[in-house]
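Everything below concerns the one structure shown next.
Residue numbers begin at 1 in each chain, while the letters A, B, ... track the order of the sequences.
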2 protein chains.
Amino acid sequence: MPGVISYPIEHGNRASAGRTLRPDEMAHIAELPLFVGLAPDLLAIALAEATLLRCQCSEMLFHQGGHPHFLHVVVDGEIGMYGIGCEGEETVVDILKRGDIFITAAALTGRPYLMSAKAVSPARVLLLPAERLRRDLQAVPELAIAIICGLATNFRTMVREVKQLKLKTAAQRLGIYILSLTPRRSGMAVVWLPHSKSLIAARIGIRPETLSRTFCTLRDLGVQVCGAKIIVEDVECLTAFCSQDEEIM
Amino acid sequence: MPGVISYPIEHGNRASAGRTLRPDEMAHIAELPLFVGLAPDLLAIALAEATLLRCQCSEMLFHQGGHPHFLHVVVDGEIGMYGIGCEGEETVVDILKRGDIFITAAALTGRPYLMSAKAVSPARVLLLPAERLRRDLQAVPELAIAIICGLATNFRTMVREVKQLKLKTAAQRLGIYILSLTPRRSGMAVVWLPHSKSLIAARIGIRPETLSRTFCTLRDLGVQVCGAKIIVEDVECLTAFCSQDEEIM
DNA sequence: CACAGGCCTTGACTAACGTCAAGTCGGCGA
DNA sequence: TCGCCGACTTGACGTTAGTCAAGGCCTGTG
């Protein structure tokens, strides 16, 4: 598994993983969806033992199978969640961005990580000690509810993922991915791929070779590819091809 | 979509969905993992407006796209969670049994159902009004934590599902399914399929025809099929074939 | 400038799984 | 008992995506 086990340090398992927070960081963190609406004193409780981890691009945060000690929150940048197969095959289960909480499930239940995490851009990640958090949840109902909402959102993302994998073709999944990059609901759209094509391939569950070919398939539907720039001539046409109902898919 | 849209009543959307609880039912419900450890007075709060829904086999509980009004908890029997594609193709995302909570995510966030629910055996389902529950979560931290644990477990189930779909072949997924039916970790095992083969096929994401053929593939690994009875000659051999690490897969 | 190393693309081939169409088997009601 | 229906199996074939190999293109580096 090249590139995967070559990082010896698992931040998720280090007690001294990050630094304590500076005031400006504190302010930046208070604006995260998880914490907005939380009274300043409750925020202080929640962040009392929190630290901030700075990651370089492609740095591993932790490995599948390891044991969690922190709840992670993405403050900046993007984190890829990888599933690793028995022969070291990697697949990308999700790519998280600012505000997303991850491994809530592992951290709160004490079960081992089901996924590995790797920064796919330079990133900063807030670490909340799991044991402390479990106590805070009892004391701060608002925090518990925020965690529930985060977890609920993550759960729904996974359900969509399962449905897509079972009910859509590769071309449809790619189309859905492209559509997720544009706010436009009709007419023409120009989008830029935010990741390398191999990462996107792993994200939608195909090989890079297949991704190339799948882009060719979409060309007949008015999707032009030029490097990382994608021109969708008719968003509605692509939406129809993907049979995409945003709300429930 | 035969059999799916033919049930006009959506219990999930009816205010008078079930009956209030009898004492014996109350006791049966108090033993659910969601509620054990909850003090009797807190349990009374949580169940104050709860009702019990009795479902016949293959009765629809609600449809994908609908709007949730209740948190559902399986008290008895089994509930299939179905994803429905644009042409009416059905796939089974999960099959829930006693103790499992479902559509927590939809009920608590107020978003539409991502899945349809259908009883796959006669079943009883506890309905907790969503609005009431949201208030209770504030008042009863123990309840919030129980909900978090339930959601976390559900989330991890979905992550496993995604990893399996992306990293395992149909034969491996079937093997993993069979292994999930036996507590044995080595030697010989006899298991009985708890569902029809077409349901199992939808569960692991293949067609019924492919399931038949896949059973033939597993025969070479010492898996004998006789109706619903499955004999696994060597559990470890099958486990190795599936590259199955229970903990993290 | 040459060159190495990624990343992406393309082609030829293969494997896995789906589709369509019979056909079998067992259960159940008239 | 008969006949029907639904669930399952089997065969033939098609489609989709994976595999392997080669080559292009860009970028960073000596």
>> Could you tell me if A/Lys163 sits above the aromatic ring of B/Tyr82, with its cationic atom closer than 6.0 Å to the ring centre and no more than 45 degrees from the axis?
In response: no
>> Mind checking if A/Gly227 touches a base, just sugar-phosphate, or nothing, with heavy atoms under 4.0 Å?
In response: nothing
>> Looking only at the side chain of A/Glu209 (C-beta and beyond, no hydrogens), which of the listed nucleotides D/dT9, C/dC8, D/dA21 gets closest?
In response: D/dA21
> Any Lys/Arg nitrogen of A/Arg185 or A/Glu246 sitting under 4.0 Å from an Asp/Glu carboxylate oxygen of the other?
Replying inline: yes
> When the distance from CZ of B/Phe215 to P of D/dT10 is rounded to whole Å, what number comes out?
Replying inline: 12 Å
> Could you state the CG-C1' distance from B/Leu167 to D/dA17, rounded to the nearest angstrom?
Replying inline: 15 Å
>> Just the rounded figure in Å: distance from C1' of D/dT10 to NZ of B/Lys197.
In response: 13 Å
>> As a test of reading the structure: which of C/dG18, D/dT10, C/dA12 is closest to the side chain of A/Arg213, going by heavy atoms?
In response: C/dA12
> Rounded to whole angstrom units, what separation is found between the CD atom of A/Gln164 and the P atom of D/dA17?
Replying inline: 14 Å
> Which of these nucleotides, C/dC17, D/dT19, D/dA17, is closest to any side-chain atom of B/Thr210?
Replying inline: C/dC17
> Atom CD1 of B/Ile230 to atom C1' of D/dC8: distance rounded to whole Å?
Replying inline: 13 Å
> Under 4.0 Å: is that the gap between some side-chain N or O of B/Arg207 and OP1 or OP2 of C/dC17?
Replying inline: no
> Charged N to carboxylate O below 4.0 Å: is that the case for A/Glu90 and B/Lys166?
Replying inline: no
>> Can you measure B/Leu165 atom CG to C/dC17 atom C1' for me and round it to whole angstrom units?
In response: 14 Å
>> Base, sugar-phosphate or nothing for A/Thr169? Non-hydrogen atoms, less than 4.0 Å.
In response: sugar-phosphate
>> Checking contacts here: which listed nucleotide (D/dT19, C/dC7, C/dT19) is nearest the side-chain heavy atoms of A/Ser198?
In response: C/dC7
> So, for A/Phe62 and A/His72, is the gap between ring centers shorter than 6.0 Å?
Replying inline: yes
>> Rounded to whole Å, how long is the line connecting atom CG of A/Leu174 with atom P of C/dC8?
In response: 14 Å
> So, are A/Glu161 and A/Arg203 salt-bridged, with charged N and O less than 4.0 Å apart?
Replying inline: yes
> Which part of the nucleic acid, if any, lies within reach of B/Leu211 when heavy atoms closer than 4.0 Å are counted: base, sugar-phosphate only, or nothing?
Replying inline: nothing
> Roughly, in whole Å, what's the span from CD in A/Glu87 to P in D/dT19?
Replying inline: 11 Å
